[in-house]
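Below: one structure, written as structure tokens.
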Amino acid sequence: MAYIQKLVANCGFDFQADLILSSKGFCQSKPAPDIFLACAKKMGVKPENCLVLEDSKNGIRAAYNANMRRVWIPDQVPFNEEDMKYVDLQCENLKEVIDILEAM
């Protein structure tokens with residue numbers, strides 16, 4: 001949890017979250033959907049009503065396995081054709097995500 005809080009503190013903008021959850025010690029790592037399903041349950045939201053922002057292959061697959069909508073924001077590891085079948089939308093950066101959220 002300390003590592004997550006450090007990342008959030010250094011994200012470069014004012015980030016407010018209703019829930020921050022770590023998978024440490026209670027669920028399987030991605031691509032297992034456990035962490036995403038736990039978040040949805042704690043927030044009282046159906047998985048199919050969730051939107052996951054991810055930069056990793058395992059994260060996109062975990063969201064797919066959780067039956068959640070997936071937005072890939074490319075980072076250092078490029079996706080191939082096989083990976084792209086798990087992606088619903090692609091944004092080049094977090095600012096582009098705002099347009100998606102406003103359209104929902």
Side-chain angles (χ1 to χ4, degrees):
M1 189 57 79
Y3 178 71
I4 293 171
Q5 290 171 337
K6 182 179 178 182
L7 287 175
V8 169
N10 293 321
C11 70
F13 55 90
D14 186 26
F15 179 80
Q16 301 295 320
D18 293 334
L19 173 68
I20 296 177
L21 191 61
S22 169
S23 64
K24 192 90 169 171
F26 86 92
C27 64
Q28 294 182 23
S29 298
K30 300 171 189 173
D34 302 17
I35 189 69
F36 291 136
L37 293 173
C39 285
K41 184 175 182 177
K42 282 193 174 273
M43 293 178 71
V45 178
K46 293 180 182 179
E48 59 269 20
N49 293 331
C50 294
L51 180 70
V52 175
L53 311 177
E54 264 294 344
D55 63 350
S56 74
K57 294 178 181 190
N58 281 343
I60 287 290
R61 289 187 183 192
Y64 176 86
N65 292 334
N67 193 32
M68 297 178 175
R69 295 203 52 205
R70 300 151 314 272
V71 177
W72 175 47
I73 303 168
D75 192 16
Q76 298 175 6
V77 179
F79 279 31
N80 60 34
E81 189 175 322
E82 172 70 15
D83 301 320
M84 291 304 292
K85 74 180 185 182
Y86 298 101
V87 174
D88 288 320
L89 300 165
Q90 178 179 341
C91 292
E92 292 304 313
N93 55 57
L94 289 172
K95 290 181 182 179
E96 288 183 16
V97 176
I98 294 169
D99 293 335
I100 293 171
L101 295 174
E102 288 177 344
M104 296 181 102

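- Relative orientation of the Tyr64 and Tyr86 rings is perpendicular, given thresholds of 30° and 60° on the angle between their planes.
- Shortest non-hydrogen contact noted between Asn58 and Lys30 is O-CB, 3.6 Å.
- Phe36 places none of its side-chain heavy atoms less than 4.5 Å from the side chain of Arg70.
- Taken together through direct or relayed side-chain contacts under 4.5 Å among Ile, Leu, Val, Met, Phe, Trp and Tyr, Ile60 and Val77 form parts of separate hydrophobic clusters.
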Problem - Worked verdict on Arg61 versus Asp83 for side chain to side chain contact (heavy atoms under 4.5 Å, CB included) - result: CA-CA 8 Å; Arg61 289 187 183 192; Asp83 301 320; 3.2 Å; yes
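- Pro33 approaches Ala62 most closely through the heavy-atom pair CB-O, 3.5 Å.
- The main-chain N or O of Pro31 is found under 3.5 Å from a side-chain atom of Asn65 such that the two form a donor-acceptor pair.
- For Met84, the CE atom counts as densely surrounded, since its 6.0 Å shell holds more than 12 non-hydrogen atoms of other residues, nucleotides or ligands.
- Asp75 places none of its side-chain heavy atoms less than 4.5 Å from the side chain of Ser56.
- In terms of hydrophobic clustering, with Ile, Leu, Val, Met, Phe, Trp and Tyr side chains grouped at heavy-atom distances under 4.5 Å, Ile20 and Leu94 are assigned to a common cluster.
- Note that the OG atom of Ser23 and the CD1 atom of Ile4 stand 7.0 Å from one another [nearest 0.5 Å].
- The two atoms that bring Asp55 and Phe79 nearest to each other are O-CE1, 4.2 Å, heavy atoms only.
- Summarising the geometry of Leu53 relative to Ile73, their closest heavy-atom pair is CB-CD1, 4.1 Å, with the distance given to 0.1 Å.
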Exercise for the section: Could you walk me through whether Leu51 and Asp88 pass side chain to side chain contact (heavy atoms under 4.5 Å, CB included), step by step? Expected result: CA-CA 10 Å; Leu51 180 70; Asp88 288 320; over 6 Å; no
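- The minimum heavy-atom distance between Ala40 and Met68, with the atom names listed, is CB-CE, 3.8 Å.
- Within 6.0 Å of CD on Glu96 lie more than 12 heavy atoms contributed by other residues, nucleotides or ligands.
- Nearest heavy-atom pair across Pro74 and Gln90 is CG-NE2, 3.5 Å.
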